[in-house]
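Step one of this worksheet: look at the structure below.
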Amino acid sequence: MKSEKIYDVRCRYLDTWISSCVRAIETIPYDAEAVRFRDKDYRIKTQGPKQYPNVKKIYIGPDVRKLEISNFMFPNVKEVVSESPAFQSGTLLIEKNRSSRYSRDFDGEKELLNTFCKTSDEVIDLSGIGSIDDYAFEGCRSKKIINMDELFMIDSMAFSGSAVFLSDTINEMQNDMCIIGNTLIRINDNAGNINIPDSVNLINPEIDFSAIENVEMSISALGELSYYHGGQMQTLSLRCPDTMSNNDIYDKLRYSGTHLRMKKILAADGNNKLASVDGIIYTKDMKQLIICPEEHGGDVIIPEGVEAISAQAFNYCNVTSISLPSTLTFIASSAFDNCKMQHINFGAGIKCIERLGRCEQLKKTEIPNQVKNIWGGAFENCTFLEHITLHEGLEEIGWDAFRGCIEMKEIEIPATVKKLGSNCLKRVNKIIFKGDSLPAGVGSALLDDDIPRNLFVYMKKDKYAGMVELVFKGKSYFLPRYVRRIDISKINEILCSTETPVEDILSSLYQFGKTWELKVDAAIKTYVSIKDKGIALYLKKVSKKIAYDYMYANRYEELAKFLDLGFVSKATLKELQKETKVMEIPEVAAVILRGLDQKQITPKRFSL
C-alpha cells in the first residue's frame with residue numbers, strides 16, 4: 001500500500017504577511033495530495049498565484065491557532081484532520097472559538113471558515129455552527145445546505161462568489177426568497193414586495209433591499225437587519241405578535257434603532273400592537289411614540305393624544321422641526337440624541353424637560369411657561385444652541401443642563417428659578433438674573449476649578465476667557481471663571497447668606513480667582529462697572545504689580561486702560577515712563593504723560 005506523502009506549509013514573515021505566505025506555499029508541488037500546517041499563524045486569504053487541486057486532505061498541527069486560507073487555493077479538500085484544540089476535524093474547516101476571552105478552553109461557538117469548492121451534489125452540514133466567516137462559501141457550487149438552525153451570525157461576505165448567488169437560483173425561489181433553515185439567503189431583486197416569514201430569524205448581510213418597495217417582517221427578527229439593510233430599504237412594514245409585551249416591543253425597536261435608516265416604518269395589516277402615522281411608529285392606542293426612522297425628513301407634528309416619547313425615538317433622524325402636542329407629559333432621556341432638528345415646539349403640556357440628547361443643529365428654542373424643571377443634561381452638548389428663552393414659572397435648572405453649549409453667550413434666568421444644578425451654565429459668558437435674589441447653587445453652576453491649557457493666551461483675545469459676567473438688579477459683576485474646588489462650595493454658601501447684601505458679596509468674589517491674573521482681571525472689570533470702594537482700595541494697593549505684569553505680558557491695551565483709572569502712584573508712573581521709553585511703547589507712554597499731567601507732575605523731558 002502506497003504511503004501518504006504530506007507536505008508541510010511553512011511561513012516566513014519577511015515583509016508583508018500575504019506575500020511571504022504565498023511564496024512559502026509555492027514550495028509545495030502541484031500534484032501534492034495532502035498538506036500539513038504546523039506554525040501558529042497562517043493568513044493566506046487571497047487566492048495567490050497557484051492552486052493545488054489535487055490536495056484532498058489538510059492536517060492541522062497542535063500549535064496552530066490561526067488559519068485563514070482561500071477556498072480556491074485548495075478547492076477539492078474532502079477531509080480536515082485537526083490536532084489543534086482551536087479547529088475541528090471533518091469535511092469543512094471549522095474554528096472552535098474560546099468559551100470566553102480569558103479561557104484556555106475552545107468550547108465556545110463554532111465558526112465556519114471554509115467549505116472549499118464543493119460540487120453541486122455534495123451536502124454541506126452546518127450542525128453546531130454558530131457563525132459563518134467572510135468568503136466561507138466562495139467558489140462553492142453546492143446549494144444543499146442543511147442544519148442551519150443554530151446559526152446566529154453571518155459575516156457580510158460569507159456567501160460571496162458562491163452558487164447561491166448564481167442567476168438560476170431565482171427560478172428556484174419561493175415567494176421571491178431563498179430560505180434555508182431559519183436563514184434568508186437571497187431575494188429576487190426585481191420583486192416589488194418581500195414578505196419575510198416569521199420562521200426567519202437570520203438575514204444574510206449581502207442581500208440588497210434597495211430595489212424593493214416594501215419589506216414586511218416580524219419585529220422579532222428586526223435585530224437581524226444589518227446597518228446596510230436599513231439604509232437600503234424604502235419602507236419597512238412590521239408585524240408584531242399579540243403576545244409581545246410593550247417593553248419587549250420597545251427594546252426590539254430601540255436596540256435596532258441605528259439600523260432603521262429607511263424613510264418610513266409602517267404597522268403591517270392586522271397589527272394589534274403597533275400603529276403608524278406618517279411613517280412613524282406608535283403604540284396601538286396612540287399614547288406613546290416609539291420610534292421615527294432615520295431618513296424621515298421635513299417637519300414632524302406629533303398628533304394630539306400622544307402622552308410620551310420613548311428614549312432614543314428620534315436618534316440620528318433627519319427631521320427639520322418637531323411640534324409636540326398639548327397632551328404630551330413625558331419625554332424620555334435621549335429621545336432626540338443626534339437628531340438634526342433645527343427647531344422644537346414643546347407645546348402646552350410638558351412640565352419637565354429631560355435630557356434631549358446631542359442636537360447639534362438646534363440653534364434656538366423657547367421653553368414654555370408651564371415647564372417647571374429643566375432636568376440634568378437637558379441641552380448638554382447642543383453645541384450650536386445660541387439662544388434659549390426661559391419664562392417665569394421655571395423653578396429649577398438641573399446639573400449640566402447647558403454644558404457644552406459653546407455658542408450660547410448669554411442667558412436670562414427668570415425670577416422664579418430657585419435652584420441651579422452644578423455646571424448647568426458652564427461656558428455661558430453672561431448670565432442675567434431677573435429676580436431680587438439669587439437662586440441656590442450659583443457658584444457651582446457657573447464656576448470651574450480646572451484651568452484649561454493656554455488660558456492666558458486666550459485671555460488676551462477674549463475678555464470672557466477667564467471670567468463670567470453676572471448681571472443682578474441691572475448691574476454687572478465679573479467673577480473669575482476658575483476658582484479652587486473648595487471655594488466653589490464656599491461661594492454657594494455666602495451667596496445664600498442673609499446677613500450680607502448680595503451686591504456686597506458679588507463685588508468681593510474677585511478674590512476667589514485661582515490665579516493672580518484671574519483675580520486682577522475680575523476686580524478691574526467689576527470696578528469699571530460699579531465703582532466699588534472696596535475694589536478701589538485693593539487695586540490701588542496692588543497697582544504697581546498690575547502695571548508691570550501687563551507691560552511684561554505685552555498686554556499694552558489693558559495696561560493703558562488700567563493707568564487711566566488713576567490707581568497708579570506718581571512714583572510708579574515715573575518708573576514706567578523710563579521703561580516705556582526703553583521698550584518703545586508709544587501708546588502706553590501717551591497714557592503715562594496724561595496721568596502725570598493729571599497729578600500735576602511735569603516731566604523734565606520725555607519723547608515718543
Side-chain angles (χ1 to χ4, degrees), residues 120 124 126 132 134 136-138 140-146 148-149 151-241 252-253 256-271 273-276 278-281 291 293-297:
S120 58
I124 300 174
L126 300 185
I132 303 177
D134 281 331
F137 279 84
E138 186 178 28
C140 180
R141 290 164 287 171
S142 174
K143 291 181 281 186
K144 298 179 178 179
I145 308 171
I146 62 173
M148 298 179 68
D149 296 339
L151 272 178
F152 63 86
M153 187 175 73
I154 301 175
D155 284 352
S156 61
M157 304 299 289
F159 290 92
S160 180
S162 70
V164 171
F165 281 88
L166 295 177
S167 58
D168 62 353
T169 306
I170 295 177
N171 300 325
E172 303 171 7
M173 291 182 178
Q174 294 183 357
N175 299 321
D176 295 313
M177 291 175 287
C178 173
I179 299 173
I180 302 176
N182 62 352
T183 304
L184 176 60
I185 302 294
R186 187 183 176 188
I187 63 171
N188 181 358
D189 298 337
N190 297 317
N193 299 287
I194 292 291
N195 190 338
I196 302 173
D198 292 346
S199 59
V200 170
N201 57 24
L202 193 60
I203 300 174
N204 181 9
E206 290 184 73
I207 293 177
D208 184 356
F209 288 101
S210 58
I212 310 301
E213 294 180 7
N214 180 60
V215 177
E216 182 176 323
M217 64 184 298
S218 170
I219 193 173
S220 302
L222 197 57
E224 302 308 323
L225 287 179
S226 74
Y227 182 77
Y228 303 102
H229 287 154
Q232 296 164 352
M233 290 183 181
Q234 301 176 39
T235 302
L236 174 65
S237 297
L238 291 177
R239 298 188 302 273
C240 186
K252 280 288 184 182
L253 289 168
S256 302
T258 56
H259 298 167
L260 302 181
R261 299 187 296 129
M262 61 289 297
K263 292 182 178 180
K264 293 181 180 180
I265 305 179
L266 305 178
D269 294 340
N271 202 315
K273 288 289 188 176
L274 302 176
S276 177
D278 296 330
I280 299 173
I281 291 291
I291 198 161
E294 282 187 29
E295 293 303 316
H296 191 301

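Computed over heavy atoms, backbone and side chain alike; hydrogens, waters and symmetry mates excluded.
A 4.5 Å side-chain heavy-atom check between Ile154 and Pro205 finds at least one atom pair inside the cut-off. At a threshold of 4.5 Å between non-hydrogen side-chain atoms, the residues Glu138 and Ser160 do not count as touching. A 4.5 Å side-chain heavy-atom check between Cys240 and Lys252 finds every atom pair outside the cut-off. Between Pro241 and Ile219 there is a side-chain heavy-atom pair separated by less than 4.5 Å.
Residue Met233 comes nearest to Met262 through the heavy atom pair O-CB, 3.2 Å, listed as atom of the first residue, atom of the second, then distance. Residues Asp189 and Ala211 share a closest heavy-atom pair of O-CB, 3.4 Å. Residue Ser218 comes nearest to Asp198 through the heavy atom pair CB-OD1, 3.3 Å, listed as atom of the first residue, atom of the second, then distance. Lys144 and Ser142 make their closest contact through N-OG, 3.2 Å (heavy atoms, listed as atom of the first residue, atom of the second, distance).
The line from CZ of Phe159 to CG of Asn204 is 5.5 Å long, rounded to the nearest 0.5 Å. The distance from atom CD1 of Ile265 to atom CD of Glu294, rounded to the nearest 0.5 Å, is 9.5 Å. Between Arg186 atom CZ and Met177 atom CE the span is 14.0 Å, to the nearest 0.5 Å. Separation of atoms CD1 (Ile196) and CD1 (Ile207) is listed at 7.0 Å; rounding is to 0.5 Å. Atom-to-atom distance recorded for Glu206:CD and Asp208:CG is 11.0 Å, nearest 0.5 angstrom. Rounding to the nearest 0.5 Å places CD of Glu213 at 6.0 Å from CG of Asn193.
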**OP:** Check the pair Ile132 / Leu126 against side-chain contact (heavy atoms from CB on, under 4.5 Å), numbers first and verdict last.
**Re:** CA-CA 10 Å; Ile132 303 177; Leu126 300 185; 4.2 Å; yes

**OP:** Decide yes or no on side-chain contact (heavy atoms from CB on, under 4.5 Å) for Leu236 and Leu222, but give the supporting numbers first.
**Re:** CA-CA 10 Å; Leu236 174 65; Leu222 197 57; 3.8 Å; yes

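Counting non-hydrogen atoms of other residues, nucleotides and ligands closer than 6.0 Å to NZ of Lys264 gives a total of 12 or fewer. Within 6.0 Å of CG on Asp278 lie no more than 12 heavy atoms contributed by other residues, nucleotides or ligands.
Partner of Ile185 under the side-chain contact (heavy atoms from CB on, under 4.5 Å) criterion, chosen from Ile203, Leu202, Ile180: Ile180. With Ser276 as the fixed residue, the side-chain contact (heavy atoms from CB on, under 4.5 Å) test singles out one of Leu238, Leu266, Asn271: Leu266. Considering Ile194, Asp176, Asn175 in turn, Asp176 is the only one that fulfils the side-chain contact (heavy atoms from CB on, under 4.5 Å) rule with Asn188.
When the side-chain hydrogen bond (donor to acceptor under 3.5 Å, both in side chains) test is applied to Ser237, the partners found at least two apart in sequence or on another chain are Asn214.
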